[in-house]
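For reference, the structure is listed below as structure tokens.
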Amino acid sequence: MLLFELLTGQRPFESLTTTQELNKAVSQGDRPLVAEGNLDPAFPGMLDLMYDCWKQSAMERPSASEVVLRVCEPGFVCRKHTITKSKDHPLQKIDTIYARPIFADDLKKSYQVWTWARQDTERNFSIIDARKGVYNLPEKSAPGGRVYAMTATGEVEKRIWIGTSDCEIQVYGYRNVGDPQCLWTFLMKDSVLSLSTQLEGGRVKRVFASLANGTLCVFSRTSTSLDPAAATVPVGDAKLIPEACTIKCEDEKYKQEAEDWADPLVLKLDERNKSAKCMVFVGRDKLWCGCGNTITVVDIVNMMVDHNIPVFVKRMALVNELVSNGIKVWGVGRQLSCVMEWDVASYKLLHVFNCSEIDQTGTNVRADPSLIEDLIDPTRSTDKPTANPSASVVPEVKIEETVEESFNVHNDPTPTSSHAPFSTMRTRQTLRVVKSRPRRAAMTSQQPSASPKAASRSRLLTARNRVLRKQQGSTRTTSLVVVDKTLWVGRGMGDVLVIDITENEASHGTVLARLTVEDSEKYGNRSHHKLQCVAGEYVVSSQWLEPIDLRRGSNAPPAGEGGGLLGQLSDTPLVTHQAITIWEAWNQDDIRQVTRRRDSILAQEMREEESDGV
């Protein structure tokens with residue numbers, strides 16, 4: 001109640017006139033309405049703290065020391081907004097998120113966050129004001145394939161390009177009035193997995209699109225090029241293939257502009273047609289592309305493949321995301337709890353940041369690349385020969401027939417649509433030894449019967465071990481963003497690790513902070529946690545959180561049964577939900593200033609406890 005009065009300048013329950021009415025309202029669970037006060041919505045951490053202090057059960061309220069430590073956490077102060085609802089219902093599962101600054105006519109800067117959800121007739125997009133944390137346009141219907149990538153073409157053209165699973169690049173923009181609409185469409189030869197824009201003087205110079213068949217398409221606008229004739233002339237390894245792209249434009253007003261982008265140059269990144277899932281510009285002349293289990297470095301001046309960097313041994317291991325500060329490149333792999341760091345000049349793998357532990361604040365996670373040598377060393381064979389092949393006995397085996405197996409290159413647990421060309425035919429021979437098994441009755445009769453109490457402890461221990469294994473899986477890195485001299489790492493459990501990437505050898509790789517919205521130890525998801533940086537001022541985080549339950553095969557535990565790491569009791573059931581969090585893009589100095597204050601408070605409390613003990 002004190003927080004409410006301090007933040008709003010109003011007394012709680014002003015409409016109640018007597019103490020009896022006040023006591024009755026509080027005992028019934030009534031609380032002051034935040035909407036009645038002038039509370040700044042850009043401080044969600046204070047709101048959450050106030051709600052926790054208002055809980056009916058005294059056991060669930062934080063203690064005074066917990067409040068102090070919570071207020072001194074970096075995530076409490078730098079979190080600006082948390083969005084969990086749209087149109088009075090929970091957020092839908094978001095596939096793609098993109099953020100960019102917008103300049104109005106009066107030169108005032110605003111920050112738009114575009115989100116895309118669902119596919120086919122249910123596909124929709126939303127536009128959020130990152131500064132205010134409100135929807136400018138909620139859930140605008142836009143039927144089409146699942147959106148995998150998005151990019152903007154500068155402040156002059158003001159066009160939004162999206163890549164879909166329908167093998168299309170759709171270009172959105174504003175007509176005379178109204179909401180953004182699709183102006184024209186490029187029909188490609190495969191699904192578009194990544195888009196990136198090269199700007200020059202506020203105008204777009206080229207748009208790069210990587211496809212699922214391992215090709216890179218480069219779009220250039222001939223009318224704005226210094227040499228229009230050279231914009232579509234094959235350069236280096238790139239070829240001009242007219243049938244690689246077809247334009248579909250129904251509005252004659254934009255047909256000329258669409259044709260101005262036609263005839264992209266096509267560069268083959270990989271001869272084995274491995275999916276080109278991500279890319280990042282390094283300097284002004286290099287483009288690093290995550291192509292399957294390798295990284296292909298492209299010279300975008302001469303349009304030719306400059307270098308190939310083998311990353312993973314297994315063919316199905318994908319390079320999920322790449323970011324760079326111009327000197328180094330960081331990348332994450334599919335279903336791995338680590339971040340890899342390469343040197344731009346030598347293409348050498350320098351370090352591996354081990355992010356497998358839940359809370360690593362203040363520790364240095366930098367490790368030698370040998371930590372994952374069995375995954376990243378391409379010269380190491382995964383086959384293990386038998387010690388004595390001649391003495392090995394060939395057991396009776398069963399060979400399964402050829403099966404069709406489909407996979408989603410976007411690491412999405414939701415199956416792709418039927419038109420997505422990600423199905424491959426491969427023959428899999430599964431060897432299963434046929435052995436006679438003893439009867440269950442005979443096996444159980446030999447074991448002594450355990451007491452009910454011991455059996456209960458054994459079941460609880462087994463459940464907790466299962467949760468720990470799931471929790472370690474949820475620490476897998478899913479997204480990266482470079483902010484000043486820090487690397488923000490999004491993990492499957494919904495939290496963000498801020499890692500120091502300065503050139504200081506002692507501090508390089510140190511986890512400065514762990515930013516969490518809620519009790520992240522109770523949630524886990526392996527793929528859907530994306531980060532976007534808006535002009536170096538905000539970091540937008542999109543999390544799809546699934547509760548980790550002690551019981552097998554269940555997503556949300558009922559009330560009263562623990563859903564946390566050790567099964568703590570809770571009156572509130574955990575549910576699967578989508579959340580968008582907007583953080584201030586703090587650098588290492590801002591974070592260290594807050595953590596030093598927290599450490600000094602902890603040290604003071606320890607001294608007071610020691611003096612009390614004496």
Side-chain angles (χ1 to χ4, degrees), residues 45 70 72-79 82 320-325 328-341 350-367 371-372 471-502 504 506-533 538-545 565 579-595 598-599:
R70 190 164 164 181
C72 293
E73 286 294 330
F76 181 86
V77 186
C78 74
R79 180 159 60 105
T82 298
N320 262 14
E321 189 163 357
L322 295 170
V323 295
S324 175
N325 62 353
K328 296 177 181 177
V329 175
W330 293 269
V332 295
R334 185 185 180 204
Q335 298 184 3
L336 289 180
S337 298
C338 62
V339 179
M340 294 160 285
E341 181 183 76
L350 300 177
H351 302 106
V352 173
F353 297 153
N354 181 14
C355 304
S356 59
E357 299 296 329
I358 295 176
D359 192 357
Q360 299 169 295
T361 305
T363 61
N364 197 308
V365 296
R366 187 182 60 194
L371 174 70
I372 52 173
Q471 192 66 65
Q472 291 299 324
S474 66
T475 59
R476 294 171 178 174
T477 54
T478 59
S479 188
L480 301 173
V481 160
V482 176
V483 178
D484 194 20
K485 296 180 181 179
T486 61
L487 180 67
W488 292 45
V489 182
R491 300 195 296 179
M493 67 194 332
D495 62 348
V496 179
L497 298 183
V498 183
I499 302 177
D500 189 339
I501 56 173
T502 57
N504 188 350
S507 61
H508 186 79
T510 301
V511 178
L512 301 176
R514 176 175 178 251
L515 309 180
T516 60
V517 177
E518 47 195 316
D519 195 356
S520 298
E521 287 82 358
K522 298 180 181 181
Y523 294 92
N525 186 274
R526 296 181 179 180
S527 60
H528 282 280
H529 185 192
K530 307 300 179 185
L531 298 177
Q532 276 282 322
C533 186
Y538 297 105
V539 174
V540 183
S541 170
S542 169
Q543 309 111 319
W544 178 255
L545 301 176
L565 187 62
I580 297 177
T581 307
I582 301 174
W583 312 86
E584 286 187 347
W586 281 14
N587 55 29
Q588 66 273 22
D589 296 331
D590 298 328
I591 296 176
R592 283 198 174 101
Q593 182 179 358
V594 176
T595 54
R598 179 197 60 193
D599 294 341

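For reference, positions follow the sequence shown, starting with 1.
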**Request:** Begin with the C-alpha distance, continue with both residues' side-chain angles, and end with the deciding distance and a verdict on side-chain contact (heavy atoms from CB on, under 4.5 Å) for L515 and R79.
**Result:** CA-CA 9 Å; L515 309 180; R79 180 159 60 105; over 6 Å; no
**Asked** Please walk me through it: do V329 and L322 pass side-chain contact (heavy atoms from CB on, under 4.5 Å)?
**Response** CA-CA 7 Å; V329 175; L322 295 170; 4.2 Å; yes
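- In terms of heavy atoms, Q543 sits closest to I580 at OE1-N, 4.1 Å.
- Annotation: side chain of Q588 is in contact with side chain of D484 (closest heavy-atom distance under 4.5 Å).
- The two residues C533 and V483 have their closest heavy-atom pair at SG-CG2, 4.2 Å.
- With hydrogens and angles ignored, the 3.5 Å screen pairs no side-chain donor or acceptor of S479 with any backbone N or O of G490.
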**Asked** For V323 and L487, what are the C-alpha separation, side-chain angles and deciding distance, and is it a side-chain contact (heavy atoms from CB on, under 4.5 Å)?
**Response** CA-CA 9 Å; V323 295; L487 180 67; 4.0 Å; yes
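- Within the 4.5 Å cutoff, the side chain of T475 has heavy atoms near those of the M493 side chain.
- The line from OH of Y538 to CD1 of I582 is 8.5 Å long, rounded to the nearest 0.5 Å.
- Of all non-hydrogen atoms in C355 and I499, the two that sit nearest each other are SG-CD1, 4.3 Å.
- The two residues H508 and F353 come nearest to each other via the heavy atoms NE2-CZ, 3.8 Å.
- The main-chain N or O of L336 is found under 3.5 Å from a side-chain atom of T477 such that the two form a donor-acceptor pair.
- Interatomic distance, CG of D495 versus CZ of R514, reported as 4.5 Å (0.5 Å rounding).
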**Prompt:** For I501 and K328, what are the C-alpha separation, side-chain angles and deciding distance, and is it a side-chain contact (heavy atoms from CB on, under 4.5 Å)?
**Reply:** CA-CA 10 Å; I501 56 173; K328 296 177 181 177; over 6 Å; no
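- Among all heavy-atom pairs drawn from R592 and D500, the shortest one is NH2-OD2, 2.7 Å.
- Under the 4.5 Å side-chain criterion, counting only non-hydrogen atoms from C-beta, F76 is not in contact with V594.
- At least one donor-acceptor pair closer than 3.5 Å links the side chain of R491 to the backbone N or O of I358.
- In this structure, T486 OG1 and D589 CG are separated by 10.0 Å, a value rounded to the nearest 0.5 Å.
- Note that CD of Q335 is 9.0 Å distant from CG of N320, once rounded to the nearest 0.5 Å.
- N504 places a side-chain N or O within donor-acceptor distance of the main-chain N or O of A506, the cut-off being under 3.5 Å.
- Taken to the nearest 0.5 Å, the OG1 atom of T361 stands 7.0 Å off from the CD atom of E73.
- The line from CG of L497 to CG of L480 is 10.5 Å long, rounded to the nearest 0.5 Å.
- For the pair V352 and C338, the tightest heavy-atom approach, listed with the atom from each and the gap, is CG1-CB, 3.6 Å.
- A donor-acceptor contact shorter than 3.5 Å is absent between the side chain of E321 and the backbone of K530.
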